[in-house]
Structure formats: C-alpha cells, structure tokens
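Before any comments, here is the structure.
Whatever order the structure lists them in is the order used to number ligands and atoms, beginning at 1. The basis for the numbers below is simple: all heavy atoms, side chains too, and nothing from hydrogens, waters or symmetry mates.
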Amino acid sequence: MSRVLIIGCGGVAQVAIHKCCQHPDIFTDLCIASRTLSKCEKVKNELEGKTKTKITIAKIDANNYDELVKLFKEFKPEIVMHLGMPYQNLIIMDACLECGCHYLDTAAYEPEDVNDPIWRKKYEQRIKEKNFTAYFDYSYQWEYMNKFKEKNLIALLGCGFDPGVTQAYVAYAKKHEFDTIETLDILDCNGGDHGYPFATNFNPEINLREVSSEADYYENGKWIRVPAMSVKKEYNFDGVGMKDMYLLHHEEIESIAKNYPEIKRIRFYMTFGESYIRHMNCLENVGMLSTKPINYNGQEIIPIQFLKAMLPDPASLGPRTKGKTNIGCIFEGYKDGKKKRYYIYNMCDHQESYKEVGSQAVSYTTGVPAMCGAMMILKGLWTEAGTHTVEEYNPDPFIDALNKYGLPITESHDPIMVD
Ligand code: NDP
C-alpha cells in the first residue's frame, strides 16, 4: 500500500498517472497536484471508475515551499514524482527532505532565469572547469547526496526515457554483454508526424532551449564543444526508416561519464526534420527563444513563454501523431577478449500509445519509465539511499517492468554503427 504524489499534469504526468492507475496494488492512493486544477480534475474524471487507485487532486504552486510542505504533510506521500518543470527540482527536493519522502524527476535542474547573476557566476565557472555550456547539469542535485543519505531517502534523477531508460541500457549492456565498453552512441529518433508545420513533442521551453544550445560530446575525459546542429548524420532506424540526426548535449552523458569512466566516447544524437530546424532557426534569429523579459505595451513578457502559449500543447498532439519512436544505445567494446558491438532500443507507436492512455509516444516513453522507477522504489527493488541516476541501480527488474508495461526492448548484435 503506497501513497504517491505527482506534481504536474502535463503530457508526461498524464501518462504516468494512467500507468500508475493500472497498478492499484502498488499505487493505492494517488494525489495529482498541479498549477491548473482543471487539468487534474479532467484526468481524475477520466480514470475514476476504471481503476481501484484512490485519486485526489490539489492545486499547487511548486515555486512556493510552504505550499509544498503543507501538502506533503497533509497527504503523507511515500514518494513525490516531480513531472512538472525542472526549474522546481531543488525546491521540491528540499520539501521532500523536510517531510521524509522519496523524490523522482525526469529532467536535470535548470534555472528559469538564466540571466540570474548568482546562477550565471556558477555557470561560467562550470564552463571553465568542464567545458560544457548547457544550462542544465547534475551538480546542483548531486549536492543533495548526503542530505538524502542521512534521511535514508532516495532521490532518483532523470527517470524518463532519455535520461532514464538509456542509462538502464548502459547498466544492462555492462552486466550482460560486455567486460569493457569503449564507445556509446545514444540515438533518439522520433519518426512521428503530427501534421503541424511546427510543434514540440514535450514542453516547448525545455525542448527549444535544449536544441538551440551549443552541442558537445564526451571523449577521453573531456567535453568537446561544437556549434548547435553542426554535426548531422543519417541513420536507418528500425520501424521508422532513414532519418537525419544531429549531435546534441544531453544530461545523461554527464552521469554516464561519471559512473562508467571506462567509456572513452559518449555521443547523443536526436532526429529532426527540415521544417522543425527552419522554424527553430527563424524563431531564434528574431529573439523568440530568449528568456530575458521585454516590455510590450507596458506589460512584461518573456519571449519563450509567450511562444509556448502560441504553440500547440504537447499533450494535445496525441490524436494527430502517427508513426513510431525508436530510442536506444549502440555500444562497442570487449567480451572475453573479443571486440563486439551491441544495440538495444525500444520502438513505440504513437497511435498505440494514444489508444492506451490518450497521449502520443514522446509523453508515453517518458511517463512509463517514471512509473516503473517509482515502482522499483516502492517495491524495495532499488534501495540505495542518496541522489542517484538510473544507471547506478540494478537494471534487470527495471527492464523487466518496461518490457511488461509498454516499452519492450529489441536487441541487435550486429548493428550498423554511427561513423
Ligand atoms: P508540460 O508542459 O506538458 O507539463 C508541465 C506541467 O507542470 C504542467 O501541468 C504545468 O502546469 C506544471 N507546472 C509548471 N509549473 C508549475 C508550477 N510552478 N507549479 C505547479 N505545476 C507547474 O511538460 P511535459 O509533460 O512535456 O514535460 C514534463 C517534464 O518531463 C519536463 O521537465 C521535461 O523536460 C521532462 N521530459 C523528460 C523526458 C525524458 O525522456 N527524460 C522526455 C520529455 C520530457 P500547467 O498545466 O498549469 O501548465
């Protein structure tokens, strides 16, 4: 019997809520807490009568520490699944420590205002020391390691697909396929078509910040920086076909490099169509991706937030998106003295996801691992207290759960490598 509180009620949270409700034996009491209460109400109404999970809802501003603590003390969750924005990761972790709850999220902390001088100073120091320029990094959340350990609580960071499942794939490959891994390429392909000239498949602010930033990869202990979208490759994805993919910075590279120092090179590629890139470049050139407030007719507007309000809500793309995602990891390394290659991936169909939970596959591939991660903690299968990423835990029960609950693996021992 477990009490679980989910923060956020957007695309990812709605999938996680549906999936938790498919396991009422584990998720007995669920509280959905978000900024817009009507969204929580809608999901509750959709599910009531179809699940034995008892659902309650609450309005919360996750920027308000006192509101968080009050709600956590009233509802008494065993775990808080933070499926809202990464801007609130730290404040929610603080509230979990105060109230004795485990914590889970799907994206590394980043500040809402990247022009904040205190944050900026640390950011510039990190660029000098580590040479990567992404706004998000794990250092802020890794600082909580001892606080969570002392209270025997787990903070499970980045438990979506990427980050999340991709790191379980690394742990799985090391456990079952390799003595030593030398190179890793993480490939994220969305072969879905929603029919709009431009829309993002998850939160537009986070998505556009990530894609428009300088890219990099990790090689021989160093971060190698390259201009945004400057490295383009083609790859033939199972279930999707030939796609253009671009090198990006991604947060799991940082934790995999730390936890698997034997891997000499780690790269991350994501597929984008021409229309997406054309629109993104144009929006960036006219300043619409900026987080710096501007004054318009006496009102303060943050351009990227205004743009978010104009774009289709990712949670609304479900009925229109057709095609598949294919996300996975390609490894090269050694087993018993022999060089070998291995590819492990999942294919997920947008329309099948929609039929099952009313959401497209990008939300599905994030919400299902979030539910499975919470399940690992609630069932006592992952017990190491502290602030950890997915590759630090035993991958087997997690991959078993993914196989059973919607994201089965496919493996190849003779994959085509990315050159
Ligand atoms: P959405 O924008 O669809 O949902 C975000 C939700 O958080 C909304 O319900 C929003 O409320 C709520 N929210 C925002 N601010 C607050 C606040 N201050 N207080 C309370 N609630 C708030 O985003 P997604 O569902 O697409 O993404 C959720 C998270 O998952 C993001 O961090 C994203 O980066 C991450 N992600 C991770 C992936 C992975 O593979 N690891 C892949 C895709 C996404 P409202 O409804 O009022 O707007």
Side-chain angles (χ1 to χ4, degrees), residues 5-18 31-43 57-65 67-68 71 80-92 95 104-110 112 134-136 141 156-169 186 188 190 199-211 248 250-252 255 268 270 304-305 307-309 311-318 325 327-328 346 348 357 359-373 389-390 402 407:
L5 190 141
I6 292 187
I7 294 186
C9 195
V12 173
Q14 289 180 28
V15 173
I17 294 161
H18 275 84
C31 176
I32 312 166
S34 193
R35 184 167 59 184
T36 311
L37 194 66
S38 57
K39 289 194 189 171
C40 309
E41 210 155 19
K42 185 169 171 279
V43 180
I57 58 172
K59 182 169 163 57
I60 188 111
D61 174 7
N63 285 314
N64 185 319
Y65 183 73
E67 271 187 37
L68 288 167
L71 179 64
V80 172
M81 297 171 68
H82 170 35
L83 308 178
M85 300 294 281
Y87 312 145
Q88 285 94 28
N89 288 7
L90 305 182
I91 194 169
I92 297 173
L104 174 152
D105 66 31
T106 55
Y109 169 72
E110 64 181 275
E112 188 156 13
Y135 291 145
F136 48 88
Q141 292 181 270
L156 181 58
L157 309 183
C159 195
F161 206 107
D162 45 337
V165 176
T166 48
Q167 288 133 286
Y169 287 169
I186 304 168
D188 177 332
N190 180 6
T200 65
N201 293 289
F202 69 95
N203 186 282
E205 259 180 88
I206 304 299
N207 178 266
L208 290 165
R209 273 193 189 192
E210 177 177 290
V211 177
L248 290 189
H250 225 243
E251 63 224 64
E252 65 264 49
S255 73
F268 181 97
M270 193 178 269
I304 197 165
Q305 287 183 0
L307 173 65
K308 177 178 184 251
L311 290 174
D313 179 355
S316 72
L317 299 177
T325 60
I327 318 174
N346 163 263
C348 184
V357 297
S359 300
Q360 37 85 3
V362 175
S363 302
Y364 190 90
T365 53
T366 313
V368 173
M371 180 281 284
C372 292
T389 40
V390 171
L402 294 167
L407 299 174

Task: Short N or O distance, Lys308 and ligand 1, threshold 3.5 Å exclusive - done: no
- [ ] State, yes or no, whether a side-chain contact exists between Glu110 and Ile206 at a heavy-atom distance under 4.5 Å.
- [x] yes
Task: Test item, Pro86 contacting ligand 1 (heavy atom, 4.0 angstrom) - done: yes
Open item on the list: Contact between Leu407 and Tyr364 at the side-chain level, heavy atoms closer than 4.5 Å - yes or no?
Closed with: yes
Task: Proximity flag Gly164 to ligand 1, non-hydrogen atoms under 4.0 Å - done: no
Task: Pro163, any N or O under 3.5 Å of ligand 1 N or O - done: yes
Task: Atoms in ligand 1 with a heavy atom of Thr36 nearer than 4.0 Å - done: 45 (P), 46 (O), 47 (O)
Task: Ligand-side contact atoms (ligand 1) for residue partner Ser34, heavy atom cut-off under 4.0 Å - done: 9 (O), 11 (O), 12 (C), 21 (N)
TODO: Evaluate the ring planes of His250 and Phe268, with Trp represented by its six-membered ring, and classify them as parallel (under 30°), tilted (30 to 60°) or perpendicular (over 60°).
DONE: parallel
- [ ] Give the C-alpha distance, both sets of side-chain angles, the deciding distance and a yes or no for side-chain contact (heavy atoms from CB on, under 4.5 Å) between Gln141 and Leu90.
- [x] CA-CA 7 Å; Gln141 292 181 270; Leu90 305 182; 3.7 Å; yes
- [ ] Pick whichever of Asp188, Leu83, Ile7, Thr106 has a heavy atom sitting closest to atom 35 (C) of ligand 1.
- [x] Thr106
Open item on the list: For atom 9 (O) of ligand 1, what is the closest protein heavy atom, and at what distance to 0.1 Å?
Closed with: Cys9 N, 2.9 Å
Open item on the list: Taking 4.0 angstrom as the limit and counting only heavy atoms of Asn63, give me the atoms of ligand 1 inside it, by number and element.
Closed with: 18 (N)
Task: pair Ile327-Asp188: side-chain heavy atoms closer than 4.5 Å - done: yes
TODO: Provide the number and element of each atom of ligand 1 under 4.0 Å from a heavy atom of Lys39.
DONE: 45 (P), 46 (O), 48 (O)
Task: Residue, atom name and distance, where the atom is the protein heavy atom closest to atom 22 (C) of ligand 1 - done: Arg35 CB, 3.9 Å
Task: Protein contact of atom 33 (C) of ligand 1 - nearest heavy atom, named by residue and atom, plus distance - done: Phe202 CD1, 4.0 Å
Task: Proximal atoms of ligand 1 relative to Gln88 (non-hydrogen, under 4.0 Å) - done: 18 (N)
- [ ] Answer yes or no: does an N/O atom from Met85 fall short of 3.5 Å to an N/O atom of ligand 1?
- [x] no
Open item on the list: Quick one, Lys39 and Ser34 - any side-chain contact, counting heavy atoms below 4.5 Å?
Closed with: no
Open item on the list: Quick one, Thr36 with Cys9, criterion side-chain contact (heavy atoms from CB on, under 4.5 Å). Give me CA distance, side-chain angles, the key distance, then yes/no.
Closed with: CA-CA 8 Å; Thr36 311; Cys9 195; over 6 Å; no
TODO: Check Ile17, Leu37, Ile7 against Ile32 for a side-chain contact (heavy atoms from CB on, under 4.5 Å) and give me the one that passes.
DONE: Ile17
Task: Sub-4.0 Å atoms of ligand 1 with respect to non-hydrogen atoms of Gly11 - done: 3 (O), 25 (O)
Open item on the list: I need the nearest protein heavy-atom contact for atom 26 (O) of ligand 1: residue, atom name and distance, please.
Closed with: Asn203 N, 3.1 Å
Open item on the list: Taking a cutoff of less than 4.0 Å between a non-hydrogen atom of the residue and any ligand atom, is Ala315 in contact with ligand 1?
Closed with: no
Open item on the list: I need the nearest protein heavy-atom contact for atom 34 (O) of ligand 1: residue, atom name and distance, please.
Closed with: Ile206 CG2, 3.4 Å
TODO: Decide yes or no for His82 and Asn89: does some side-chain heavy atom of the first lie under 4.5 Å from some side-chain heavy atom of the second?
DONE: yes
Task: Leu402 and Asn346, any side-chain heavy atoms less than 4.5 Å apart - done: no
- [ ] Have a look at Asn89, Thr366, Thr200, Leu68 and point out the one with the heavy atom closest to atom 42 (C) of ligand 1.
- [x] Thr366
Open item on the list: Starting from atom 17 (C) of ligand 1, what is the nearest protein heavy atom, named by residue and atom, and what distance separates them?
Closed with: Ala62 N, 3.7 Å
TODO: List every atom of ligand 1 that sits less than 4.0 Å from any heavy atom of Ile60, numbering the atoms from 1 in the order shown and giving each element.
DONE: 19 (N), 20 (C)
Open item on the list: Which residue and atom name correspond to the protein heavy atom nearest atom 8 (C) of ligand 1, and how close is it?
Closed with: Gly10 N, 3.8 Å
- [ ] Could you walk me through whether Asp105 and Ile92 pass side-chain contact (heavy atoms from CB on, under 4.5 Å), step by step?
- [x] CA-CA 10 Å; Asp105 66 31; Ile92 297 173; over 6 Å; no
- [ ] Using distance alone, determine whether Gly84 and ligand 1 share an N or O pair under 3.5 Å.
- [x] yes
TODO: Using distance alone, decide if ligand 1 has a nitrogen or oxygen within less than 3.5 Å of any nitrogen or oxygen in Ala107.
DONE: no
Task: Nearest neighbour in protein (non-hydrogen) for atom 27 (O) of ligand 1 - done: Val12 CG2, 3.6 Å
Open item on the list: Evaluate Gly8 for polar contact with ligand 1, using N/O atom pairs at a separation under 3.5 Å.
Closed with: no
Task: Side-chain donor-acceptor contact under 3.5 Å, Gln14 with Ser359 - done: no
